[in-house]
Amino acid sequence: MLSLILIFLASLFFTGVINRTKSIASGRKGPCIFQGLKDIIRLGKKGSVFSGTTSFVFQIAPVIYLASVIMAILVVPFGEMKGLISFDGDFVFFVYMLALGKFFNVISALDTGSSFQGMGASREALFSMFAEPAFFILIGSFALLTGHTSFHDIFISLHFSSSISYILGILATFVLIMIAMIENSRMPIDDPKTHLELTMIHEVMILDNSGIDLAIILYTTGLKFAMYGALIVNFFIGTFPYYISIPIFFGVQIIFAVIAGLLESFTARFRMSHNSQYIFVLSSFSLLIFFGVLLIMGRFN
Amino acid sequence: MYYLYKLGIGIINNDVSRQNFLMDLVIFFILTVIIGGVIIPFAPLNWKGYIALMAVTIISCLSSYLSIKALQGENVEYYLPGSLISGVIPLRLDALSAWFILIINFTFITGLMYGIQYMKTYINQKSNISIHFVSYLIVHAALISICVLQNGVAFLIAWEIMALGSFLLVIFEHEKEDTIQAGINFLIQSHICVILLTMAFIFLGIKTNSFDFKDFTAYAASAPVPATIGLFLCFFIGFSIKAGFFPFHTWLPYAHPAAPSHVSGVMSGVIIKIGIYGILRMILVIKTDYVVIGYIILFISVISGVYGVMLAILQHNLKKLLAYHSIENNGIIGIGIGIGCIGIRTGKDILIILGFAGALLHTLNHSLFKSLLFYGAGNVYQATHTMNIEQLGGLTKRMPNTSLLFLISALAICGLPPFNGFISEFLIYSGMLAGLQQLDLFLLTALIFSMFALVLIGGLALMCFTKAYGAVFLGTPRITEKHIPEEAGWGKLLPMYSILILMISIGIFPNLFMEIVAVPVGLFSVSTTLTTSVVPLYETLIHISYGALIFLILVAILYFIRTLILAKNEFTTGPTWGCGYVAPTIKMQYTASSFIRAYRKLAEPILSIHKNKKEISGIFPHGGRQETHPYDKAEELLIDYPIGQFKRFLNRFAFLQNGNPKFYILYGVTFILLVLAFPSIFNIIISILNFLNQ
């Protein structure tokens, strides 16, 4: 329960911190941190325009997207406290719940019958397909290392004892940050600021959503970012007591948002055809982590 | 009536009367099939289907009654007096047979309910329809018999009946040349399967002097390990041809589109699964070194799974796409079986449970959602008369029920919660994770790569089904229709909805089905601690159950809130905005090929795709065009190339067939002379050899 509340709180300012970082990095003052939240509330008060081409899929997709992300958050633990749903192999449930949200996003984009949305849907389907194995092998390696298979048990029993495990921890953090950037369609995979055909993946899928639907989708994006941040935090807090771990949580979330903002400001987007190679390379990082774990456990005898 | 009366009395636990009861059941079963098969050709057209349905329901009830008892622990054993060749024919119904029989019965009944409505468009082809329904009944009876017969000769006879019956079912539209080609392809490959099975059974028959499976088990326990591995591989390759594992899958993508939709659904859902049943039965019968077998099965299944879905994404024909998905799902079932086999050898109960339970549950799940998908495709075909995805679109407005059913089965086949596909894939993932706790380096690497493959399969399946659902049902119609497609009637929708209810109940209440599937899984392990090892699994599944329910409740609440907010603000309809393109045409819509273009570019080196391109060139260009036809590289290498070489070799002897009767007379005379002269030539050779030996 605690993780749900904390992630909810973090999602309120996460995208705001990213935008503020990007503005300051480009020499502007930038909007206030809670501007994203104000945008969402403003959208909630507006009416909607629905396309005549769309069907029931378009109506239910944003709600299912939000529900799937909330269900995924329920699995994420916070330090010693389990998520509301915790069982052996729950990270499989985590990944497939997120995949359910993606499925509905993609078909909601195809529902509009426009070439722009179809383009975004096609790219989203391809890139998310390559990002999932990286995550699975990462968590699978840690399951091998700790001997447990649920998020809570893995994070509790993770000890950074030898130097190799520190390297693994850093690699794992890098992989998780990149997966988070891919899933939320940020640089260097996609540029959310430009609304041009060359660059859009996620932004283009939601072109036809308006009003409350757009508010739901924008909020869910922030929620997903905060969720990945919480996963990264879990690597570091281990078994610390709450008065230390909660400030660490918010600290790491803010640092993560700043890093995301800096990455966005100082890297150019990859060529769209190279994106799939890049994402596939992440899987090889995960395999590297797997072999590192095998090394730690002394299996190469 | 007399037999029904005897059935009523027959439910007694006395041994002698139990044998009589079973004998009555068997006689009743055979009589139903024969009487049904004889009446159908003489019945009036409208009644043929219903008579077949009644016969199918009766034999389903008979076999399901025995199967339910077997799943509760009472195995059934009955001996038919055989002939001189086969010996006594045992009929044994254990939990494994029971599981498959229940799946077969459910799919065949819903298939026939759908099929009767589907066939109404062909109502004027009287003899065709008679053959069709009679073959359906016979294939059903043959499948049930295969599950219970445990005698080599009888098994082969039932298998052959099933293969021929399936052939007749597939070539219903035999006026089309493609259908006949697909049917003959299927027939030839089925018979390669039969040859392999016959070889293996004859080998075992010679070694053990009987054809009973129990004697095979006794022989295999004492035979040298390489011999048993070779024997198992012979069976495995035979059954893989039936199940459609790579590289023996080439008949599948031709047979499924050629057959009528209810036959495709039943074939993909059940008839292919009998190959899986064969593999599982042989695992039980031939005790061998399970680790080697497990790795081989795992390897082939991983390749089948990934290859099947990689090819499925490229297809334009909706039914061919679904057929390639059957290959992929059989691959997933094989991964479960492979993990289970490795578990048997290492003695880890949890691997056995998770692997085999995942495989068996996925067999049930696949029969459900694949048949539902094929029936949906059948609805689409009968409404629009095309199976080409590139010519469909926007059907969800006209066919809302079919669209909803197709959507939910697409979600299920991608393995997404809260539906049944997730449960079986979760069990297989748990098996892999449990396997990670082992100490064997080779096993660990194999498991990580299998996990990688399974995730990739899930992602590719998601891409494939978003393409299929989006291109067929969403957007705007891509070709202006001559007639407006209509939603299918309630006769077709009723069996589809019943399958849907079963699918959703497996997804939300997996524990119930886990308890049922634990009984056949228990057959694979020799230890008695299996029941206690399963308990933590039930707790995990209860969590998934809660997760699914919480998700559905959450969706309902959020949708309710959204509707309230929407009603408070105003909303209007308008054309698609699409970033300001105010005059979209139908052609601007993303087609299925463009949806997967990025993927196709990545996969092109591995697969073989034939492209026809005419570029736009010149100062005053005419139109350009591009056509892509996906083809199967395995088929190119394994079937087309050898057959091409063989034909080229035989063509050198074409001079022998020159049409000139004088040459044929010459051949005849030469042959007669040789046959007559052969003994004397033989004697001459013998005497020369004797002379040289002196």
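In what follows, chains are A, B, ... by sequence order, proteins preceding strands, each numbered from 1.
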Can you say whether [X] sits under 4.5 Å from chain B via the side chain, the backbone, both, or neither, judging by heavy atoms?
{"X": "A:Y65", "result": "neither"}
{"X": "A:L84", "result": "neither"}
{"X": "A:E124", "result": "neither"}
{"X": "A:I85", "result": "side chain"}
{"X": "A:A121", "result": "both"}
{"X": "A:V92", "result": "both"}
{"X": "A:S86", "result": "backbone"}
{"X": "A:F127", "result": "neither"}
{"X": "A:T53", "result": "both"}
{"X": "A:T54", "result": "backbone"}
{"X": "A:I212", "result": "side chain"}
{"X": "A:F58", "result": "neither"}
{"X": "A:V57", "result": "side chain"}
{"X": "A:K102", "result": "neither"}

Please state whether the side chain, the backbone, both or neither of [X] comes within less than 4.5 Å of a heavy atom of chain A.
{"X": "B:E539", "result": "neither"}
{"X": "B:T563", "result": "neither"}
{"X": "B:Y469", "result": "side chain"}
{"X": "B:L447", "result": "neither"}
{"X": "B:I550", "result": "both"}
{"X": "B:F595", "result": "both"}
{"X": "B:F422", "result": "side chain"}

Query - Residues in side-chain hydrogen bond (donor to acceptor under 3.5 Å, both in side chains) contact with A:S11, at least two apart in sequence or another chain - result: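 Result, side-chain hydrogen bond (donor to acceptor under 3.5 Å, both in side chains) vs A:S11: A:Y219.
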
Query raised in the report: Looking at residues at least two apart in the chain, or sitting in another chain, which of them share a side-chain hydrogen bond (donor to acceptor under 3.5 Å, both in side chains) with B:E570?
Result: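 Residues passing side-chain hydrogen bond (donor to acceptor under 3.5 Å, both in side chains) with B:E570: none at all.
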
Requested in this report: Would you give the length of the straight line joining atom OH of B:Y599 to atom CZ of A:F130, rounded to the nearest 0.5 angstrom?
Outcome: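 These two atoms lie 8.5 Å from each other.
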
Requested in this report: Rounded to the nearest 0.5 Å, what's the gap from CG on B:L427 to CG on B:L537? Could you check?
Outcome: 6.0 Å

**Report entry** salt_bridge(B:R398, B:E487) N-O dist < 4.0 Å
**Finding:**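 Here B:R398 does not pair with B:E487 in a salt bridge, since their nearest N and O are not under 4.0 Å apart.
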
Query - Per-residue contacts, residues 460-468 of chain B versus chain A, heavy atoms under 4.5 Å - result: B:L460, B:L462, B:M463, B:F465, B:T466

Report summary line: Comparing A:F56, A:F104, A:F135, A:F103 against chain B, the one with the most heavy-atom pairs below 4.5 Å turns out to be A:F103

Query raised in the report: Are the side chain of A:D111 and the backbone N or O of A:S55 linked by a donor-acceptor pair below 3.5 Å?
Result: yes

Query raised in the report: Partners of B:H543 by ring-ring contact (aromatic ring centres under 6.0 Å, His included), sequence neighbours excluded?
Result: A:F87

Query raised in the report: Under a 4.5 Å heavy-atom cutoff, which of B:G470, B:G547, B:S403 has the most pairs with chain A?
Result: B:G547

Query raised in the report: Does CZ belonging to B:F571 count more than 12 external heavy atoms closer than 6.0 Å?
Result: no

Query raised in the report: What heavy-atom pair brings B:I339 and B:I428 nearest, and what distance separates the two atoms?
Result: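 Reported closest heavy-atom pair: CD1-O, 4.1 Å.
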
